[in-house]
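Reviewing the structure listed below.
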Amino acid sequence: MNRPIMLSIAGSDPSGGAGIQADLKTATALGVYGAAAITSLTVQNTRGVTGIHPVPAGFVADQIVAVLTDLEVAAIKIGMLATAEIAAAVAEVLRARPGPAIVLDPVVIATSGDRLVTPEVTAVIKDELLTLATVITPNLPETGTLLDHEPPTTVAEMSLAAQELRTQGSAAALVKGGHLGRSETITDVLADADGVINFSGPYVPTANTHGTGCTLSSAIASELASGRRLRPAVEAAKNYLTGALRAGADRRIGSGSGPVDHLWREQSR
């Protein structure tokens, strides 16, 4: 049997912990064939991002078309879109080729609080990509940006925000609670057509959190590509990320916020 295929549309991280590199590692770890369309080259490492070089929008679109017209893609993960032109080109291509499940990770604000893209990019995400998404996966600052108000500060506010994102056009919204602060559990809130459900997992004490958002969204896409429905896909992806955080908690890769251990399942066998 052929492996299910997941296409990642995202930026490249030369240090290997986030972006396209994290997405392909995640897909491989979950038994899925990973394809990639690169939207931008970045200058980054575990200490942060210091440069972004966008790929021309037409070339991004050509990469996506080349994959979709040849490979049987079952799910698509969308990550960093460096310019409004790239975001619009991605939306145009995907509108013309419906079918795969789409996981939209709106890479708008970094964990540090720094804005990574312009307001024009955010506008295209809201106006054109949100309605194409099977699920959108913003962190708390990104949720606030997309809804034009302060980020949620409680699980109850996350629930309301997830439902509000659905009214803006996304079929489902998973609001991630990692920014709520340290506690025994980390709760993410999913709003979909069946209502609202919380997914809670243990807090893993570690500084190695580089690429967690990329990893979770690509894990959800990989699980959807494998045929899981959305709620089981989110649960499985969250469990995978928890295992990757635990396995990488004490690793020393880089001098800043290191990556999670994407291949932890192989090492535990």
Side-chain angles (χ1 to χ4, degrees), residues 9-10 75-81 83-84 86-111 113 115-180 186-200 213-214 216-221 223-224 228-238:
I9 303 170
I76 296 170
K77 174 263 173 81
I78 303 173
M80 182 180 184
L81 303 170
T83 68
I86 292 173
V90 171
E92 182 178 1
V93 169
L94 297 185
R95 273 197 302 268
R97 293 164 178 80
I102 295 176
V103 179
L104 175 59
D105 184 17
V107 182
V108 174
I109 298 176
T111 300
R115 178 179 283 275
L116 297 176
V117 298
T118 65
E120 289 75 17
V121 175
T122 304
V124 176
I125 291 173
K126 292 170 64 174
D127 297 341
E128 300 191 43
L129 284 169
L130 200 64
T131 58
L132 301 176
T134 303
V135 62
I136 186 170
T137 62
N139 60 31
L140 298 184
E142 289 163 348
T143 299
T145 298
L146 292 171
L147 295 177
D148 296 317
H149 58 54
E150 291 297 313
T153 58
T154 65
V155 172
E157 290 181 359
M158 290 168 60
S159 175
L160 294 174
Q163 294 174 75
E164 189 176 350
L165 284 169
R166 287 199 69 233
T167 67
Q168 292 193 358
S170 179
L174 179 71
V175 176
K176 299 177 295 189
H179 285 75
L180 282 183
I186 299 294
T187 299
D188 302 333
V189 179
L190 175 71
D192 61 12
D194 295 322
V196 178
I197 183 172
N198 294 351
F199 293 91
S200 295
C214 304
L216 180 65
S217 57
S218 58
I220 295 171
E223 295 291 353
L224 291 172
R228 290 185 188 266
R229 295 178 64 85
L230 180 59
R231 290 189 174 191
V234 170
E235 183 175 17
K238 190 170 175 67

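We use all heavy atoms of the structure for the numbers below, so side chains are in, but hydrogens, waters and symmetry mates are not. The chain is numbered in sequence order, starting from 1. Treat the numbers as computed from the prediction; the structure is a model and nothing was measured.
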[X] and [Y]: which non-hydrogen atoms are nearest, and at how many Å?
| X | Y | value |
| --- | --- | --- |
| L165 | P138 | CD1-CG, 3.8 Å |
| P106 | L146 | CG-CD1, 4.0 Å |
| P152 | L180 | O-CD2, 4.2 Å |

Considering residues, nucleotides and ligands other than Q168, do more than 12 of their heavy atoms fall under 6.0 Å from its CD?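 Correct, the count exceeds 12.
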
If we only count heavy atoms from C-beta on, is the V135 to L190 side-chain gap below 4.5 Å?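 Of all side-chain heavy-atom pairs linking L190 with V135, at least one is under 4.5 Å.
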
Please examine the side chains of L104 and S170, heavy atoms only from C-beta on, and report whether any two atoms are closer than 4.5 Å. no

For [X], give me all partners under side-chain hydrogen bond (donor to acceptor under 3.5 Å, both in side chains), at least two apart in sequence or on another chain.
| X | answer |
| --- | --- |
| T187 | S200 |
| T118 | E120 |
| T145 | none |
| T131 | none |

Side chain to side chain contact (heavy atoms under 4.5 Å, CB included) between V117 and V107: does it pass, once the steps are laid out? CA-CA 8 Å; V117 298; V107 182; over 6 Å; no

Using the salt bridge (Lys or Arg N to Asp or Glu O under 4.0 Å) criterion, which residues pair with [X]? Sequence neighbours excluded.
| X | answer |
| --- | --- |
| R97 | none |
| D194 | none |
| R166 | none |
| E128 | R95 |

In Å, rounded to the nearest 0.5 Å, how long is the span from OG1 of T143 to NZ of K176? 8.5 Å

Worked verdict on L160 versus E164 for side chain to side chain contact (heavy atoms under 4.5 Å, CB included): CA-CA 6 Å; L160 294 174; E164 189 176 350; over 6 Å; no

By side-chain contact (heavy atoms from CB on, under 4.5 Å), which residues pair with [X], not counting sequence neighbours?
| X | value |
| --- | --- |
| P151 | L140 |
| V90 | I9, V60, I64, I78, L81, I86, L94, L129 |
| E150 | none |

Sorted by first residue and then second, give each salt bridge (charged side-chain N to carboxylate O under 4.0 Å, His left out) pair with at least one member in residues 229-238; sequence neighbours left out.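 Applying salt bridge (charged side-chain N to carboxylate O under 4.0 Å, His left out) to every pair that reaches into residues 229-238, excluding sequence neighbours, yields D188-K238, D192-R231.
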
Between T167 and Q163, do the side chains contain an N or O donor and an N or O acceptor separated by less than 3.5 Å? no

Between K77 and S217, is there a side-chain donor-acceptor contact under 3.5 Å, judged purely by atom types and distance?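 A donor-acceptor contact under 3.5 Å links the two side chains.
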
Any donor-acceptor pair under 3.5 Å from E142 side chain to V108 backbone: yes

